[in-house]
Amino acid sequence: MITIKDIQVAVSAVLQIGGFSVIASEVQEGFERPACFIEVLPVSVTLENQFTEIVTNSVEITYHPAIETREELIEIAGKLKRLFLYTPLQVQDRFLSINEMTLDADKSTLIAYFELEYLQETETAEETLPKM
């Protein structure tokens, strides 16, 4: 079963391999730039049947550049696109495809947003019968 923490770890690993510095999302100020923040939130869960569900989680990567220029944000947007859109994201023993990535600039930061959708077993407890 894939958890939010598993997705955060996988996204962080890809960013670090790509040369980015990843900071815990709880840190608000006093961090060294350039830096990335990762936020993963559940979006929806759809029951397929008694045993499986389709889970959708959103991933938001916020990039704070060292020098606040549009050129750097454009360059980083291309780098994030190459890191996540063209290569499936490995989370535990699964490979999840990212079909769409939304990019936006907010003042001096770049925000990349995408959703991960995957099928997994439900969290139903197994019924145990008393021994005869």
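As a basis for the values below, the full set of heavy atoms in this structure was taken, side chains included, without hydrogen atoms, waters or symmetry mates.
Cluster annotation: Phe114 and Tyr86 are assigned to the same hydrophobic cluster (Ile/Leu/Val/Met/Phe/Trp/Tyr, side-chain heavy-atom contacts under 4.5 Å, transitive). Following chains of ILVMFWY side-chain contacts shorter than 4.5 Å, one cannot reach Ile74 starting from Leu110, and the two form parts of different hydrophobic clusters. Two different hydrophobic clusters hold Phe95 and Ile2 under the rule that ILVMFWY side chains link at heavy-atom gaps under 4.5 Å. A continuous path of ILVMFWY side-chain contacts below 4.5 Å connects Ile98 to Leu96, so both sit in one hydrophobic cluster. Under the 4.5 Å side-chain heavy-atom criterion for grouping Ile, Leu, Val, Met, Phe, Trp and Tyr, Leu103 is connected to Leu116 within one hydrophobic cluster.
Between the side chain of Thr122 and the main chain of Gln50, a donor-acceptor pair closer than 3.5 Å is present.
Atom-to-atom distance recorded for Ile67:CD1 and Arg33:CZ is 11.5 Å, nearest 0.5 angstrom. Considering CE of Met1 and CZ of Arg94, their distance stands at 10.5 Å, rounded to 0.5 Å. Interatomic distance, OG1 of Thr69 versus CD of Glu75, reported as 8.5 Å (0.5 Å rounding). Between Ser44 atom OG and Glu53 atom CD the span is 10.0 Å, to the nearest 0.5 Å. Ile76 contributes atom CD1, which lies 12.5 Å from atom CD of Glu71 (distance to the nearest 0.5 angstrom). Rounding to the nearest 0.5 Å places CD1 of Ile61 at 11.5 Å from CD1 of Ile111.
Thr56 and Glu115 get closest at one heavy-atom pair: CG2-OE1, 3.7 Å. Listed here is the closest heavy atom pair of Pro34 and Ser21: O-CB, 3.6 Å. The shortest non-hydrogen separation linking Asn49 to Leu47 is O-CD2, 3.0 Å.
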Between Tyr118 and Gln120, does the side chain to side chain contact (heavy atoms under 4.5 Å, CB included) criterion hold? Intermediate values first, please. CA-CA 7 Å; Tyr118 52 92; Gln120 71 179 9; 3.5 Å; yes
Candidate pair Leu80 and Leu15, rule side chain to side chain contact (heavy atoms under 4.5 Å, CB included), full reasoning: CA-CA 8 Å; Leu80 290 174; Leu15 288 171; 3.6 Å; yes
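At a threshold of 4.5 Å between non-hydrogen side-chain atoms, the residues Ile4 and Pro42 count as touching.
Phe20 carries Lys79 over the face of its six-membered ring, with the cationic atom under 6.0 Å from the centre and within 45° of the normal.
Only one option out of Val9, Ile7, Ile23, Val22 pairs with Ile38 in a side-chain contact (heavy atoms from CB on, under 4.5 Å); it is Val22.
For Val14, the side chain to side chain contact (heavy atoms under 4.5 Å, CB included) criterion is met by Leu83, Phe84, Leu89, not counting sequence neighbours.
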